[in-house]
Amino acid sequence: MIGVFDSGIGGLTIVKELFKTLQGYNILYFGDTARTPYGTKGKDTIIEYSIRNTEFLIKQGAKIIVIACNTASSVASEIIKEKFGVPVFEVITPAVQKAILVSKKKRIGIIGTRATINSKAYEEKINEAISDVKVFSNPCPLLVPLVEEGWIKNRETRMIVKKYIFPLKTKQIDTLILACTHYPILKDIIKKKVGKNVEVVDSAVSLALLLKEFLIKNSEVEKTLLKTDSHIFFVSDITQQFQKSANMILKRQVNLVLGNNKI
Ligand code: DGL
């Protein structure tokens with residue numbers, strides 16, 4: 001199975017793309033809804049949670065781990081890669097590759113949680129890949145709760161997005177990375193506020209393609225994956241709101257199962 005974890009429900013935006021690109025492969029999802037959000041927490045806590053999530057998924061039969069959370073990817077992906085003997089994919093590399101590909105002026109903006117922006121993980125990866133690039137970032141802590149409340153088209157949400165995007169617009173970015181799994185849900189508003197000359201990039205499509213390519217090249221890993229098109233969605237806490245968000249993202253009734261919920 002392909003094990004995917006996120007701090008909560010937002011990682012389902014990645015799962016949605018995996019469903020399209022890797023049809024038939026069984027997905028084992030874990031959303032750490034009891035401990036969400038990660039974006040406001042400190043590094044050691046995020047690392048500890050990420051290790052626990054990976055252990056849980058491997059115990060349940062995951063042969064590949066996808067860290068479908070920008071915050072956990074920024075802070076914990078290197079440790080997860082070192083600690084566990086399975087292939088690990090994070091969301092930063094595919095988003096950075098895509099941004100570099102589409103950015104003509106090499107002026108790239110990043111929006112994400114506080115922990116993601118403070119980690120500078122995106123900036124470092126971009127600077128490793130190319131020189132002469134200008135990177136501008138802005139944390140947007142209010143966007144995750146707005147999405148979780150289902151405030152997708154509200155006037156207040158549009159105003160807040162505008163306020164967060166404005167400082168990046170003034171830097172004349174030509175590409176904007178959505179460095180948070182919740183933000184693709186606000187993509188239409190973000191696109192409108194940032195303007196049509198700016199390419200808006202998120203990890204989901206590129207990550208799914210990267211994983212597909214990996215499976216083609218690594219048949220010994222591919223063979224270990226189940227392909228019965230059956231999926232399990234574990235969460236560490238179930239509330240009506242999590243259920244509503246999960247259904248909204250995957251556009252179907254999602255059967256959430258309680259798991260890995262010992263605090
Ligand atoms: N999933 C997180 C991310 O992509 C956002 C929610 C949180 O703060 O935990 O960064």
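Order of appearance sets the numbers: ligands from 1, and atoms from 1 within every ligand.
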Using a strict threshold of under 4.0 Å (side-chain N to carboxylate O), is an ion pair present between [Y] and [X]?
X	Y	result
Lys125	Glu128	no
Arg52	Glu48	yes
Asp132	Lys106	no
Lys217	Glu222	no

Should one rank Gly31, Ser7, Cys180, Ala68 by closest heavy-atom distance to atom 9 (O) of ligand 1, which comes out on top?
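Looking at heavy atoms only, the winner is Ser7.
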
Within ligand 1, which atoms have a heavy atom of [X] less than 4.0 Å away?
X	result
Gly39	7 (C), 8 (O), 9 (O)
Cys69	1 (N), 2 (C), 3 (C), 4 (O)
Thr113	5 (C), 8 (O), 10 (O)

Donor on one side chain, acceptor on other, Ser236 and Asn260, under 3.5 Å
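There is no such pair between these side chains.
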
Measure the distance from atom 10 (O) of ligand 1 to every protein heavy atom, then report the residue, atom name and distance (to 0.1 Å) of the closest one.
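Of the protein heavy atoms, Thr71 OG1, 2.6 Å lies nearest.
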
Atom 1 (N) of ligand 1: the protein heavy-atom neighbour that sits closest, reported with distance to 0.1 Å
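Protein heavy atom with the smallest distance to atom 1 (N) of ligand 1: Asp6 OD1, 2.7 Å.
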
Thr36, portion touching ligand 1 at heavy-atom distance under 4.0 Å:
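Answer for Thr36: side chain.
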
Say you draw a straight line from CZ of Phe234 to CG of Asp32; how long is it, rounded to the nearest 0.5 Å?
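Those atoms lie 13.5 Å apart.
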
Using distance alone, determine whether Asn70 and ligand 1 share an N or O pair under 3.5 Å.
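Such a contact does occur with ligand 1.
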
Would you say Tyr38 has any N or O atom under 3.5 Å from an N or O of ligand 1, going by distance alone?
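For ligand 1, there is an N or O atom that lies under 3.5 Å from one belonging to Tyr38.
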
For Thr113, run the side chain to side chain contact (heavy atoms under 4.5 Å, CB included) check against Asn70, Thr71, Thr181 and tell me which one passes.
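When Asn70, Thr71, Thr181 are each tested with Thr113, the side chain to side chain contact (heavy atoms under 4.5 Å, CB included) holds only for Thr71.
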
